[in-house]
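Everything on this sheet refers to the single structure shown next.
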Amino acid sequence: MEFNNLHELLRGLYDEMLPMSATMATVAKGVAGLGALFYVALKVWQALSRAEPIDVFPLLRPFAIGICIMFFPTIVLGTINAVLSPVVQGTHSMLDDQVLDLNKLQEQKDLLEKEATLRNPETAYLVNNEEFDKKLEELGWAPNDLVTMAGMYMDRTAYNMEQATKKWLRELLEILFQAAALVVDTIRTFFLIVLSILGPIAFAISVWDGFQSTLSQWLTRYISVYLWLPVADMFSAMLAKIQSLILERDIEMLNDPTFIPDTSNTVYVIFMIIGIVGYFTIPTVTGWIIQAGGAGNFTRNVSQMAMRSGNVAAAGAGAAIGEVGGQLMGNNQGGQKTK
């Protein structure tokens, strides 16, 4: 089974386990209902004890959350997935285009390297059997010729072993690169399934007073984990673009008849290692994209600054009023003494 089929299998697994969230919704309804009862009773009791009018708008929050719990797979998960799916599709199409260009350039480079090796008389026999047989026919059976013939066989064997080792290392790194991508996708699917199934419980707990942040934290974590795949596709597309630029430069140099190709593929190996390590930084990057509580902290800081400014202004106004009042009292006393 190919790696692309495994990614499709994980997406199908998520779709099949998504309806299981409806089972948790039954338990969540009871928890949310009890929490709504205490929440409404507490708010009404506070308003009555302070002889204040009852604000109805905050009391609608538990009922709105209850509706989300009742239709959780459709309203909550369906809406979030519908909004984020175009992002996943866009980044995946970007990756497909870059990989397609990379494969074409790699095939072109391999062909040019073979042609460049054939142009060199000293290395042509290493990659072409006809050139090897032709060079053997030019030799005789003298001792020096036998030594040269043995050296040719040894050089060709060493060249084939070197190419086989490079190909093996390249395939190994490609497998590790694909495995790293599959590990990230598997963990992402697991997290999404857990968040989807236990999402109604998180919504129900957020109804209780003091646990309101549970709702925003659940939304933050779900969206952050969902964005792992788009970020991974963007990272892979970036690496593919870098490799494409390197291949284009190598192809441009190989078009020069006097250029001797370097078949070490060191740069390719380095970028494959970078890609393997970089895949495990994706959760950190997605945590930078969306973060809950930022606007609340900003609003709280602005409110504190406004309160401090108001206190300073009030103190200044009080001092000014006291000074004016003192002057008026002094003037009145002076008028009475004159009389």
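W208 is not listed as a side-chain neighbour of T214, based on a closest heavy-atom distance of 4.5 Å or more. Looking at C68 and F203, their side chains come closer than 4.5 Å, going by heavy atoms from C-beta outward. Using a 4.5 Å heavy-atom threshold, the side chains of V183 and Y279 count as separate. For the pair R188 and D185, the minimum side-chain heavy-atom distance is below 4.5 Å. A heavy-atom distance below 4.5 Å is not found between the side chains of V285 and W228. Side-chain contact between Y226 and N81: present, with at least one pair of heavy atoms (C-beta onward) separated by less than 4.5 Å. Between F190 and V225, every side-chain heavy-atom pair lies at or beyond the 4.5 Å cut-off. At least one side-chain heavy atom of L219 sits less than 4.5 Å from a side-chain heavy atom of I80.
Nearest heavy atoms, M17 versus I193: SD-CD1, 3.7 Å. The two residues R61 and V207 make their nearest non-hydrogen contact at NH1-CA, 4.2 Å. What you find for I69 and P200 is that their closest heavy atoms are CD1-O, 3.9 Å. The shortest non-hydrogen separation linking P62 to A36 is CB-CB, 3.5 Å. Counting all heavy atoms, side chain and backbone alike, W218 lies closest to A202 at CD1-CB, 3.8 Å. Looking at every heavy atom in both residues, F235 comes nearest to G278 through CZ-CA, 3.7 Å.
L182 contributes atom CG, which lies 12.5 Å from atom CD1 of I175 (distance to the nearest 0.5 angstrom). Rounding to the nearest 0.5 angstrom, the gap separating the CD1 atom in I282 from the CG atom in D233 is 8.5 Å. Here E174 contributes atom CD and L176 contributes atom CG; the two are 10.5 Å apart, rounded to the nearest 0.5 Å. Here the straight-line distance linking atom CD of Q89 with atom CG of L84 works out to 11.5 Å at 0.5 Å rounding. Here CD1 of I251 is found 12.0 Å from CD1 of I246. Values are rounded to the nearest 0.5 Å. Remark: M272 CE to L169 CG distance equals 9.5 Å, nearest 0.5 Å.
Put simply, the residue from T189, L229, V88 that forms a side-chain contact (heavy atoms from CB on, under 4.5 Å) with R11 is L229.
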Go through the steps to decide whether S206 and I65 satisfy the test side-chain contact (heavy atoms from CB on, under 4.5 Å), and finish with yes or no.
CA-CA 8 Å; S206 67; I65 295 177; 3.7 Å; yes
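The backbone N or O of L215 sits nowhere less than 3.5 Å from a side-chain atom of Q217 that would complete a donor-acceptor pair.
With hydrophobic clusters built from ILVMFWY side chains whose heavy atoms lie under 4.5 angstrom apart, M238 does not share a cluster with L245. Transitive grouping of hydrophobic side chains (ILVMFWY, heavy atoms separated by less than 4.5 Å) brings I276 and W168 into a common cluster. Both V194 and V27 sit in one connected hydrophobic cluster of ILVMFWY residues. Membership requires side-chain heavy atoms under 4.5 Å apart, directly or through other members. Under a hydrophobic-cluster definition in which Ile, Leu, Val, Met, Phe, Trp and Tyr are linked whenever side-chain heavy atoms come within less than 4.5 Å, directly or via other members, F280 and L173 are assigned to the same cluster. The hydrophobic clustering, which links ILVMFWY residues whose side-chain heavy atoms are closer than 4.5 Å, places V31 and F72 together.
Shown here is E252, whose CD atom has no more than 12 heavy atoms of other residues, nucleotides or ligands within 6.0 Å.
Not counting sequence neighbours, F271 has no partner by the ring-ring contact (aromatic ring centres under 6.0 Å, His included) test.
At least one cation-pi condition fails for R221 and F191: the charged atom is not both under 6.0 angstrom from the six-membered ring centre and inside a 45 degree cone around its axis.
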